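First comes the structure, then the notes that go with it.
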Amino acid sequence: MKILVTGGTGYIGSHTVVELQKKGFEVIIVDNLSNSFANVVDKIEQISGIRPAFEEFDLTDPGSTSDFFERNNDLDGIIHFAAYKAVGESVNDPLKYYRNNIGSLINILANMKTYGIENLVFSSSCTVYGQPEILPVSEDSPILQAMSPYGNTKQISEEIITDTSLVTNVKAILLRYFNPIGAHDSALIGELPLGVPNNLVPFITQTAIGIRPLLRVFGSDYNTHDGTAIRDYIHVVDLAQAHVVAVERMINHAGKKKIEIFNLGTGNGFSVLEVIHSFEKVSNEKLNYQIVDRRPGDVEIVYADTSFANDELGWKAQKTLDEMMLSAWNWEKALKTKK
Ligand code: UFG
């Protein structure tokens, strides 16, 4: 079975390629390397013993994309990760986000239609729920007005895929990720933020290793037990495994609807301070942090109702917060020794 993984040299993509290979899938990666590096292909090969095929081009380019599909019209499925994902940047440069995230999706769907490729797994986000009224948040919670152009690209993408499925043979599983963190146990692949990280965990590990002087904790006046915001952090390998299950479900025609939506989280909410304390415990490092004002646009509390994913996919996230933080720390240390 042959699977295209777009964004396959990126953070979640690379971990998913490894899990697909473990299950015997043949993988082709397409990535324009705008936020990742070609040597990730070598690392994947080091982990799995199998070198995935890799093509470097931009999926927003209709010519390169249709040329690719002409040569690979026998795909059994596509996992589409390739997208920009920085919330703040999307506010400052919305067109960059709409052009890239929507443009690439349209090109992929058009080629799926042309070549009769039916199975799509799409990276969506819990951002579509905004601040949900009812927690934990289930898949039928209302979709709220997006808080950023990035979030809007995820909402619009879900709609484009759904509309397309009504008039073509395209079927899709939309996976709404909560907060993916951590790295592969081998410490050969992980998150590689370019420049200053936006996300909490790479900021923690970079601070602990001395790249950043101080972690700023955004807000301590939230209505939570310790005043800091709560998220559902999920280990990237658990997340990757869910993609394999989703692809298998589509290939085996086990889905119940043309469009299925699953939350991918652990179901546990942790505060920023709890994440910091977990990090300090597993790393034996004291983290330099300071409480500052809230970050605009942040929601207070969000964590997943995972029962639908657990029951329907037969998948459940396994790793604890401590395991997530330890793997993130091991990855940061491995990056340092390579420099
Ligand atoms: N945080 C800090 N200091 C930092 C970075 C983050 O205190 O330096 C806090 C945030 O305020 C938040 C928590 O850590 O409370 C998690 O923040 P992240 O930036 O790691 O993650 P977000 O929950 O803000 O973002 C995630 C995804 C986005 C998605 C968003 C939707 O990374 O892609 O959820 O809510 F859009």
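As the structure is a computational prediction, the values presented were derived from the model and not from experiment.
- Ion pair Glu285/Lys333 not flagged as a salt bridge, since none of the NZ, NE, NH1 or NH2 atoms sits closer than 4.0 Å to an Asp/Glu carboxylate oxygen.
- Under the 4.0 Å criterion applied to side-chain N and carboxylate O atoms, Glu19 and Lys22 are assigned as salt-bridge partners.
- Looking only at atom types and distance, the side chain of Asn263 has no donor-acceptor partner in the side chain of Thr306 under 3.5 Å away.
- Around NZ of Lys23, the count of heavy atoms belonging to other residues, nucleotides or ligands within 6.0 Å does not exceed 12.
- Minimum interatomic distance between Thr65 and Leu59 (heavy atoms only, all atoms of both residues): OG1-O, 3.3 Å.
- A donor-acceptor contact closer than 3.5 angstrom is absent between the side chains of Asp93 and Tyr84.
- The ring-ring contact (aromatic ring centres under 6.0 Å, His included) test with His243 is passed by exactly one of Phe262, Phe122, Trp315, Tyr177: Tyr177.
- There is no side-chain donor-acceptor pair under 3.5 Å between His235 and Gln241.
- Around the CD1 atom of Ile134, the shell of radius 6.0 Å holds no more than 12 heavy atoms that belong to other residues, nucleotides or ligands.
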Next on the checklist: side-chain hydrogen bond (donor to acceptor under 3.5 Å, both in side chains), that's the test. Do Thr320 and Asp322 meet it? Break it down for me.
Outcome noted: CA-CA 5 Å; Thr320 64; Asp322 287 350; 5.4 Å; no
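- Using a 3.5 Å distance cut-off with no hydrogens or angles, the side chains of Asp311 and Ser307 do not pair a donor with an acceptor.
- The aromatic ring centres of His277 and Phe270 sit 6.0 Å or more apart.
- Side-chain polar atoms of Glu89 and Tyr97 form a donor-acceptor pair below 3.5 angstrom.
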